Protein chains: 2
Amino acid sequence: MSVCESCGIRVNNQVYNCAFQVAIDVLDGKWKGLILWYLQFGTKRNSELRRLIPSITQKMLTQKLRELEDEGIVYRTVYPVVPPKVEYSLTEQGEKLIPILKSLYEWGEDYIVERQAEDKAQTA
Amino acid sequence: MSVCESCGIRVNNQVYNCAFQVAIDVLDGKWKGLILWYLQFGTKRNSELRRLIPSITQKMLTQKLRELEDEGIVYRTVYPVVPPKVEYSLTEQGEKLIPILKSLYEWGEDYIVERQAEDKAQTA
DNA sequence: CCGGATCCATAAGGATACTG
DNA sequence: CAGTATCCTTATGGATCCGG
């Protein structure tokens with residue numbers, strides 16, 4: 001572990017300067033982390049994810065699932081039935097992210113408490 | 001720790017649905033995580049951060065540092081001297097993020113190795 | 001059911017010039 | 001040194017309609 005330097009790592013047809021950026025990119029944006037968050041609890045279908053994340057549009061969901069698939073973080077399994085059935089689950093690399101997601105969740109909880117305590121102290 | 005649900009958390013004049021989203025937002029985008037990454041090694045001046053992150057513009061650096069300051073993740077200390085001297089460092093909440101950043105870094109390193117091994121297997 | 005395609009509004013980010 | 005201000009380009013995300 002060292003300081004991020006210009007080492008020009010090439011992954012997923014992208015060039016990064018450090019391993020940290022690579023990880024951030026996988027979680028980046030409004031949706032990808034949230035999708036992974038739900039997949040930690042097991043395989044999910046498209047419609048289930050839409051129910052779990054009501055504010056996401058079908059377009060965004062598909063788009064982000066494709067990105068995660070291309071990045072090797074989620075599996076996409078298509079069952080050749082009518083009507084179509086598609087399932088999403090975490091790959092091995094995806095599973096390895098879960099403990100970190102949980103740490104982020106806990107940090108978030110702590111952060112919320114601290115911030116709200118500060119806000120209260122300010123208005124008092 | 002439970003599934004993210006619609007709980008409407010209000011922090012930093014934003015409404016979130018779960019603690020996980022709050023944490024993601026602090027690291028979100030191309031730059032904020034990287035800035036925090038460098039601040040883990042100690043207090044840094046504006047010009048030092050620009051040297052460490054050559055591809056960032058002054059505008060983006062200022063903007064992201066302000067966001068992190070407003071979010072209570074970094075301190076900004078202004079010394080009333082000529083020429084101006086401004087130092088940035090992590091707050092207590094910021095420090096708590098460092099172990100998670102390191103985990104992300106390590107996951108990124110692992111991920112890069114795995115992906116490059118797969119690419120090699122594909123072309124072979 | 002699980003999407004793809006298209007169009008459009010807004011936000012994010014870069015280039016450049018200027019300032020206490 | 002550490003920023004602001006302005007302009008501009010690009011990326012992101014939403015709405016809507018269509019299809020196997």
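Each chain gets a letter, A, B and so on, in the order its sequence line appears, and its residues count up from 1. Model, not experiment: these values are computed from the prediction.
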What's the closest nucleotide to the B/Thr62 side chain, out of C/dC2, C/dG4, D/dG3?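 My answer, after comparing the listed nucleotides, is D/dG3.
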Between D/dA2, C/dC2, D/dG3, which nucleotide has the shortest distance from any of its atoms to the side chain of B/Arg66?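 The nucleotide sitting nearest to the side chain is D/dG3.
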Any side-chain heavy-atom pair of A/Leu90 and A/Gln93 under 4.5 Å: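 A/Leu90 does not reach A/Gln93 side chain to side chain.
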Note, A/Gln40 side chain near A/Leu36 side chain (heavy atom, < 4.5 Å):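 No, their side chains stay 4.5 Å or more apart.
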What is the distance from [atom1] of [X] to [atom2] of [N], rounded to the nearest Å?
X	N	atom1	atom2	value
B/Leu65	D/dG3	CG	P	8 Å
A/Leu61	C/dC2	CG	P	10 Å
B/Gln58	D/dC1	CD	C1'	9 Å
A/Asn46	D/dG20	CG	P	19 Å

Is any side-chain nitrogen or oxygen of [X] closer than 4.0 Å to OP1 or OP2 of [N]?
X	N	result
B/Arg45	D/dG3	no
B/Arg50	D/dC1	no
B/Tyr88	D/dC1	no

Check: A/Asp25 main-chain N/O paired with A/Lys32 side-chain donor or acceptor under 3.5 Å: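 It does hold such a pair.
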Search all heavy atoms of A/Arg50 against all heavy atoms of A/Leu61 and return the closest pair with its distance.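 Minimum heavy-atom separation between A/Arg50 and A/Leu61: CG-CD2, 3.4 Å.
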Which heavy atom of A/Leu101 sits nearest to which heavy atom of A/Trp37, and what is that distance?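 So the minimum-distance heavy-atom pair works out to O-CZ3, 3.7 Å.
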Under 3.5 Å donor-acceptor pairs involving side-chain atoms of residues 77-89 of chain A, not counting sequence neighbours:
residue: A/Tyr79; atom: OH; partner: A/Glu87; partner atom: OE1; Å: 3.0
residue: A/Tyr88; atom: OH; partner: A/Arg76; partner atom: NE; Å: 3.3

If you measure from CG on A/Leu104 to CG on B/Leu104, what distance do you get to the nearest 0.5 Å?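 It is 6.0 Å, given to the nearest 0.5 Å.
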Specify the residues of residues 68-85 of chain A, ordered by number, for which at least one heavy atom lies under 4.0 angstrom from an atom of DNA chain D.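 Close to the strand are A/Pro84.
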Pair B/Val22-B/Gln14, side chain to side chain contact (heavy atoms under 4.5 Å, CB included): steps then yes or no: CA-CA 9 Å; B/Val22 177; B/Gln14 279 264 4; over 6 Å; no
Between the protein and nucleotides 12-19 of chain C, list the N/O to N/O atom pairs that are separated by less than 3.5 angstrom.
residue: C/dG13; atom: OP2; partner: B/Lys64; partner atom: NZ; Å: 3.2
residue: C/dG14; atom: OP1; partner: B/Lys30; partner atom: NZ; Å: 3.0
residue: C/dG14; atom: N7; partner: B/Lys59; partner atom: NZ; Å: 3.3
residue: C/dG14; atom: O6; partner: B/Lys59; partner atom: NZ; Å: 2.2

Students often mix this up, so state it plainly: with edges at 30° and 60°, are the rings of A/Phe41 and A/Tyr38 parallel, tilted or perpendicular?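 Plane angle between 30° and 60°, so tilted.
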